[in-house]
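Report on the following structure.
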Amino acid sequence: MNEKIGIILCRLREEKKITRKQICDGLISENEYRNIEIGKSEGEVWLQKLLIGRLHIPESAVTFYLSKKENEMVNLEMEIYRRVMIWRYQEAEEKLKLFYDMINKESRIQMLIYYKLYLLVYGQRRKLEEAEFEIMNKRLGNMVSEIEKKLYEREILSPDELSFISEYFANSIIDEYERSKRLYEVLDYYKYEYSGMECGNRFYAQLNYYYAQGQYNLREYQNCVESCKEGLKVTALFGNCNNTAELFELLADAEGRILESETSLIVEKKVSQVKKVVENYTIAMNIYAIFDGEEADRKKKTVEDKVAKWKTMLFQ
Amino acid sequence: MENYAISVILQRARESLHYSRNDVCRLCQEQFSEKTLYRVELGITKASNDTIEKLSSLYKRPFGKLHTTIDMNRYSMLRIYGEIIDSVFCMNLTEAEYKLNLFEKYVEKSAEGADVIELLKLIIRHYKIQDYTNEGRNIISDTEELLHMSFHPKADISIYPLTDMELNVCFIYIDALKKDGQYEAAIELINKLLKNINQKYHNESIFCDYYGLLNAELATIYKKTERHEEAMEIVRQAIQEIVRMGDLTNVYQLLYIFVQAAEEREYFHSGNIKRECVESLKKMYSICLACNMQHRAMNIKKRLANEYGVSNELLQ
């Protein structure tokens with residue numbers, strides 16, 4: 001069965017006119033890659049995933065036959081994502097520790113997947129420290145700079161590599177303007193390479209959220225609104241409610257800021273816009289309410305306070 | 001992406017057919033030893049492609065079915081395959097037929113390819129027939145044909161490892177049993193399927209999806225058979241479980257069944273249940289807005305106002 005991975009890689013690579021050098025660049029040697037294509041060796045599952053990802057094949061196109069351990073690891077990866085999406089960071093952290101215990105620390109590819117998850121889990125909870133980035137860069141060798149270079153030069157990157165670099169940028173200790181510029185590059189790459197592809201929808205929503213957050217901090221509220229709406233288009237289309245609450249909350253925050261700065265609005269218009277802000281907060285609040293957890297409750301409470309503030313304004 | 005831990009799947013498939021390891025080796029003309037099979041099933045040894053092919057043919061377990069049937073140069077067809085299933089379940093049969101014609105052109109002319117086409121045709125036919133008796137057909141035997149095409153007729157369904165496609169076929173059979181008024185048989189099958197997926201050999205995403213769907217079916221049948229309280233309890237438990245894992249896909253459907261069950265029995269005269277109904281409808285309203293289903297959202301808003309006396313302001 002494993003030979004099928006080789007066949008898929010070979011046929012699709014030829015169809016897409018991608019050279020062996022391009023597909024294996026920075027991951028493995030051309031010789032090792034050739035052995036996978038002809039079925040002589042399999043390569044670890046993470047490598048297969050990255051190679052398949054570089055061909056931009058929809059995830060559903062490939063069934064991976066895994067060993068028991070590999071299967072557990074792939075499932076753990078998905079479980080970590082899902083826990084973060086519903087703000088159960090404690091559970092996500094526990095699962096990440098399990099994941100770390102299982103990976104081969106010598107494998108740079110497995111370490112890349114681990115750090116992608118690390119940034120996602122811890123980056124949502126707290127500000128990462130410089131020392132953590134130093135360790136990460138040391139463990140990953142030149143992988144980070146290679147991915148960055150490929151991103152700017154529009155060379156092929158897999159969804160995993162792309163989501164790693166966006167997490168890396170989103171959490172880096174750099175000024176907000178620089179962060180926004182880098183995240184914009186990732187967004188631009190996504191539109192250029194992945195537009196319409198099924199494999200990155202969740203990632204696209206998350207990326208828009210990061211970008212919108214940056215724009216909000218830079219007080220570019222109109223850009224923030226647009227980015228939130230872009231993210232919400234994807235979440236609505238695919239029924240992904242998990243990112244939705246945060247995007248709606250941020251959208252209401254930004255629209256509220258714009259509204260506050262408007263001084264010449266007639267009363268009726270102002271009332272209708274305040275109602276819109278309240279409605280967006282309410283959607284966020286009700287979605288937080290579906291996921292009953294400590295963090296979701298805290299988020300719900302924060303939004304409740306914001307709603308109360310805006311409602312007071314409405315009655316005035 | 002579907003991942004399979006090959007060792008687990010092979011063991012489950014054998015056990016569900018009540019074969020001993022010795023039987024399997026005998027039926028495969030001793031091409032591998034009992035000891036090898038034992039090691040493969042425990043995940044100590046990785047099975048060779050030959051061994052997997054032999055076992056999959058004996059268990060009638062279509063490993064990697066899609067890879068061999070789809071012309072891989074046109075992998076986008078895989079998406080169409082998924083869309084056919086989605087269109088069928090949304091009862092958009094004209095669309096499903098149109099896509100099936102397109103799909104048929106790109107499927108390799110292998111026996112397995114023909115099987116997939118035949119199966120999809122039977123599925124569409126099942127949903128197209130409005131009245132089986134008038135057409136001189138029997139709904140149960142027709143759908144049993146579907147089941148037998150999908151997996152081994154002797155398989156114990158509570159253990160047999162089922163793919164996404166096979167689970168869909170089981171849903172069609174449940175639908176047939178419901179249409180035929182065989183509610184007890186449908187409940188028995190649902191419980192077997194719940195036992196099956198509870199073994200969690202699928203990834204969490206597939207598990208959540210089917211866990212939600214099966215419980216929604218079960219609750220619907222309980223509601224139909226006047227067991228409203230049980231229906232409501234099943235919905236409560238199912239929502240708790242799927243929300244814990246961060247899946248929202250089936251929450252709307254489950255909430256809908258809950259409200260219907262409560263309303264049919266006029267339970268909402270009781271303060272607590274009425275409150276639960278209002279909360280459920282509020283969540284449904286937010287999910288609709290988040291998923292851009294404006295029309296449904298308006299209907300829920302009206303329902304809340306007319307039947308529960310919840311004003312727009314309260315909703316916000």
Side-chain angles (χ1 to χ4, degrees), chain A residues 1-4 7-8 11-12 15 39 42 45 49 57-72 74-75 78-79 81-86 88 198 232-233 235-237 239-242 244-245 248 275 278-279 281-287 289-293 307 311, chain B residues 1-9 42-43 46-47 49 52-53 56 63-68 70 72-79 81-82 163-164 200-205 208 239-240 243-249 251-252 255 279 282-287 289-293 313 315-316:
Chain A
M1 286 295 134
N2 296 318
E3 68 183 7
K4 291 210 170 84
I7 297 171
I8 293 172
R11 289 175 74 174
L12 291 175
E15 189 201 332
E42 315 165 355
V45 64
K49 275 180 68 185
I57 301 173
E59 286 181 3
S60 54
V62 185
T63 302
F64 291 97
Y65 293 110
L66 316 170
S67 69
K68 229 172 180 172
K69 189 179 169 192
E70 284 169 338
N71 190 55
E72 275 171 33
V74 172
N75 287 346
M78 187 182 286
E79 287 169 20
Y81 260 115
R82 296 174 76 102
R83 297 307 182 276
V84 172
M85 288 297 146
I86 54 166
R88 298 206 174 194
E198 171 197 3
L232 284 168
K233 262 192 225 167
T235 56
L237 197 62
N240 159 16
C241 292
N242 309 66
T244 315
F248 267 110
K275 276 188 175 171
V278 172
E279 189 175 288
Y281 276 134
T282 311
I283 296 173
M285 199 167 72
N286 286 343
I287 293 173
I290 295 174
F291 297 104
D292 51 352
V307 171
K311 273 189 177 169
Chain B
M1 180 179 67
E2 282 190 71
N3 308 308
Y4 293 109
I6 197 87
S7 50
V8 177
I9 302 296
L42 277 188
K46 220 169 180 176
N49 290 343
I52 297 176
E53 295 284 1
S56 71
F63 292 105
K65 199 171 192 174
L66 278 176
H67 298 308
T68 53
I70 308 293
M72 284 182 291
N73 285 326
R74 298 188 185 276
Y75 63 88
S76 59
M77 282 299 110
L78 272 164
R79 186 184 281 186
Y81 165 82
T163 62
D164 234 354
K200 301 201 176 160
Y201 55 90
H202 293 110
N203 63 44
E204 204 176 63
S205 177
C208 281
I239 289 183
Q240 212 176 8
V243 157
R244 195 180 59 77
M245 284 179 279
D247 187 88
L248 258 187
T249 328
V251 171
Y252 179 89
L255 290 171
E279 283 310 311
K282 275 186 180 179
K283 284 174 186 167
M284 285 164 68
Y285 173 75
S286 293
I287 293 174
L289 288 179
C291 295
N292 219 359
M293 300 187 289
E313 275 68 32
L315 191 59
Q316 290 187 355

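Letters A, B, ... are given to chains in the order of the sequence lines, protein chains preceding strands, and every chain is numbered from 1. Atom set for the values below is all heavy atoms of this structure, side chains included, hydrogens, waters and symmetry mates excluded.
Looking at B:L42, the atoms closer than 4.5 Å to chain A (heavy atoms on both sides) all sit in the backbone: N, CA, C or O. For a residue to count as touching a neighbouring chain, one of its non-hydrogen atoms must lie under 4.5 Å from one of that chain's; by this rule B:V8 touches chain A with the side chain only.
Of all the heavy atoms in A:F248 and B:L289, the pair that sits closest is CZ-O, 4.4 Å. Of all the heavy atoms in A:N286 and B:K282, the pair that sits closest is ND2-O, 3.8 Å.
If you take CD1 on B:I9 and CG on A:N71, they are separated by 8.0 Å, rounding to the nearest 0.5 Å. Separation of atoms OG (B:S286) and CD1 (A:I290) is listed at 7.0 Å; rounding is to 0.5 Å.
Residues that satisfy the salt bridge (Lys or Arg N to Asp or Glu O under 4.0 Å) test with A:R82, not counting sequence neighbours, are B:E204, B:D247. A search for side-chain contact (heavy atoms from CB on, under 4.5 Å) contacts involving A:R88 returns A:R83, A:I86, A:E91, A:D292, B:R244, not counting sequence neighbours.
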